[in-house]
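First up is the structure itself, then whatever we jot down about it.
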Amino acid sequence: MPALPKPLPRSFFEPSARQVARSLLGQLLCRRTEAGIATARIVEAEAYLGLDDPAAHSYKGPTERNAVLFGPPGHAYVYFIYGRYFCFNVSCQPAGKAGCVLFRAVEPIANKDWLRRQRAIAAGISPDKLSENFASGPSRLCQAFGITRPEHNGLDLTKRDSGLFLAEGPGLSRGEKVATGPRIGIKDNREAPLRFFLLAHPHVSPPHNSRL
DNA sequence: ATCATGATGCTG
DNA sequence: AGCATCATGATT
């Protein structure tokens, strides 16, 4: 692993959300902290397509909330959900097209203690009550990385000096296999196999880690 | 392991 | 009204 993670270029996020979601598996989510750069490997992600996808926030066109999705690729779309949680996405496709990828689970790699502590503070629980897969779940990973809408929505995720960015990762280990299946927690367009994850990986939370 | 429930506030 | 969720507690 490089001492300094190399940010993914904007062109990485120009293809369709489906393609970007698939290629983000094995890449790194990085955050600058007072203890150094905290990193985690992406093991689960979902694609949301835009105007053709009834499940997407952008389905009905631009609003104040989803404006980032219609902007240039490689930017953070962070939204507030269920009155308590945040979810974190990266915008895809050129400006005007609204695809995005939702991050659903990451595997902490560097500065795990910092991530664990943030996760515990945000959730209001004790750090030692958390299991190893404490960043598996879209809002859990936001807690671990301290991602919030007021602080991070609209951020350029291709720049290291953004403090939060996406970088080239180690990819997939031997034996790790990508699986696809229906997205979690939505009612519209349930069938579409737009969820991508590493099969049976311990940081993809059960019961969704082995089902297609 | 699975399942049900409630917390909580922004959105159009 | 509904929501791209989570922690908890009951149950097998």
Side-chain angles (χ1 to χ4, degrees), chain A residues 16-18 20-22 24-25 29 42-70 75-93 98-106 108 115-154 157 179-197 199-211:
Chain A
S16 69
R18 176 189 287 107
V20 174
R22 168 64 180 78
L24 273 172
L25 296 180
L29 175 61
I42 297 154
V43 299
E44 180 182 4
E46 285 177 355
Y48 287 84
L49 302 185
L51 297 174
D52 296 328
D53 181 6
H57 287 179
S58 47
Y59 181 53
K60 294 175 180 171
T63 65
E64 184 174 5
R65 178 204 200 193
N66 67 21
V68 172
L69 296 178
F70 292 87
H75 290 254
Y77 170 53
V78 184
Y79 64 89
F80 188 57
I81 189 67
Y82 294 118
R84 348 171 72 147
Y85 300 108
F86 293 99
C87 290
F88 170 52
N89 305 251
V90 60
S91 61
C92 301
Q93 305 188 266
C100 71
V101 171
L102 168 72
F103 296 95
R104 285 203 62 93
V106 298
L115 295 168
R116 172 185 288 269
R117 185 166 61 252
Q118 288 302 123
R119 164 84 169 88
I121 291 170
I125 56 188
S126 162
D128 39 62
K129 286 198 68 164
L130 292 169
S131 47
E132 282 305 301
N133 61 343
F134 62 84
S136 67
S139 298
R140 291 169 178 168
L141 72 87
C142 284
Q143 292 178 329
F145 276 82
I147 297 171
T148 67
R149 177 169 171 98
E151 291 183 81
H152 301 288
N153 189 55
L157 298 172
T180 47
R183 294 169 292 183
I184 308 295
I186 57 168
K187 291 182 155 166
D188 297 326
N189 203 5
R190 283 192 70 93
E191 330 76 64
L194 293 173
R195 173 172 173 259
F196 299 83
F197 60 103
L199 194 61
H201 192 282
H203 290 261
V204 176
S205 64
H208 302 303
N209 64 351
S210 57
R211 173 188 298 178

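Owing to the predicted nature of the structure, the values given are computational and were not obtained by experimental measurement. The sequence lines fix the lettering, A, B, ..., with proteins before strands; numbering per chain opens at 1.
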In whole Å, I'd like the distance from the [atom1] atom of [X] to the [atom2] atom of [N].
X: Arg195(A); N: dA4(C); atom1: CZ; atom2: P; answer: 16 Å
X: Ile186(A); N: dG2(C); atom1: CD1; atom2: P; answer: 17 Å
X: Phe80(A); N: dA7(B); atom1: CZ; atom2: P; answer: 16 Å
X: Ile81(A); N: dC3(C); atom1: CD1; atom2: C1'; answer: 4 Å
X: Leu102(A); N: dC3(C); atom1: CG; atom2: C1'; answer: 14 Å
X: Phe86(A); N: dC3(C); atom1: CZ; atom2: C1'; answer: 15 Å
X: Leu141(A); N: dA4(C); atom1: CG; atom2: P; answer: 16 Å
X: Glu46(A); N: dT5(C); atom1: CD; atom2: P; answer: 8 Å

query = Would you say Tyr48(A) stacks on dA4(C), if stacking means ring centres under 5.5 Å apart and planes within less than 30 degrees?
reply = yes
inquiry  = By a 5.5 angstrom centroid cut-off and a 30 degree plane limit, is there stacking between Tyr85(A) and dT5(C)?
reply    = no
Taking every non-hydrogen atom, the tightest pair across Arg190(A) and Pro182(A) = O-CB, 3.3 Å
Nearest non-hydrogen partners of Asn66(A) and Tyr77(A), listed with the distance = CA-CE1, 3.9 Å
ask   = Taking N and O atoms by type only, does the side chain of Tyr79(A) place a donor or acceptor under 3.5 Å from a partner on the base of dA4(C)?
value = yes
request  = Kindly indicate whether the side chain of Arg183(A) and the base of dA4(C) share any N or O donor-acceptor pair separated by less than 3.5 Å?
outcome  = no
query = With ring centroids as reference points, do Phe86(A) and Phe88(A) lie under 6.0 angstrom apart?
reply = no
remark   = Closest to the 5' end of DNA chain B, once Thr63(A) and Tyr82(A) are matched to their nearest nucleotides, is Tyr82(A)
remark   = Sorted by position of nearest nucleotide on DNA chain B, 5' first, the leading residue of Arg84(A) and Arg149(A) is Arg84(A)
For [N], does either OP1 or OP2 sit under 4.0 Å from a side-chain N or O belonging to [X]?
X: Lys187(A); N: dC3(C); result: yes
X: Arg140(A); N: dA7(C); result: yes
X: Arg104(A); N: dT5(C); result: yes
X: Arg119(A); N: dA7(C); result: yes

query = Around atom CZ of Arg183(A), are there more than 12 heavy atoms of other residues, nucleotides or ligands at under 6.0 Å?
reply = yes
request  = Report, as yes or no, whether the 6.0 Å neighbourhood of atom CZ on Phe70(A) holds more than 12 heavy atoms from other residues, nucleotides or ligands.
outcome  = yes
key: 5' priority, DNA chain C, between Leu130(A) and Asp188(A) [closest heavy atom]   = Asp188(A)
From the set [options], return the single nucleotide nearest to any side-chain atom of [X].
X: Arg65(A); options: dG12(B), dC3(C), dT8(C); value: dG12(B)
X: Ala123(A); options: dC10(B), dT8(B), dA7(C); value: dA7(C)
X: Pro207(A); options: dG12(B), dA7(C), dT2(B); value: dT2(B)

ask   = Could you give the distance from CG (Asn89(A)) to CZ (Arg104(A)), rounded to the nearest 0.5 Å?
value = 11.0 Å
ask   = Considering every strand shown, what is the Watson-Crick or G-U wobble mate of dA4(C) when both distances are under 3.5 Å?
value = none
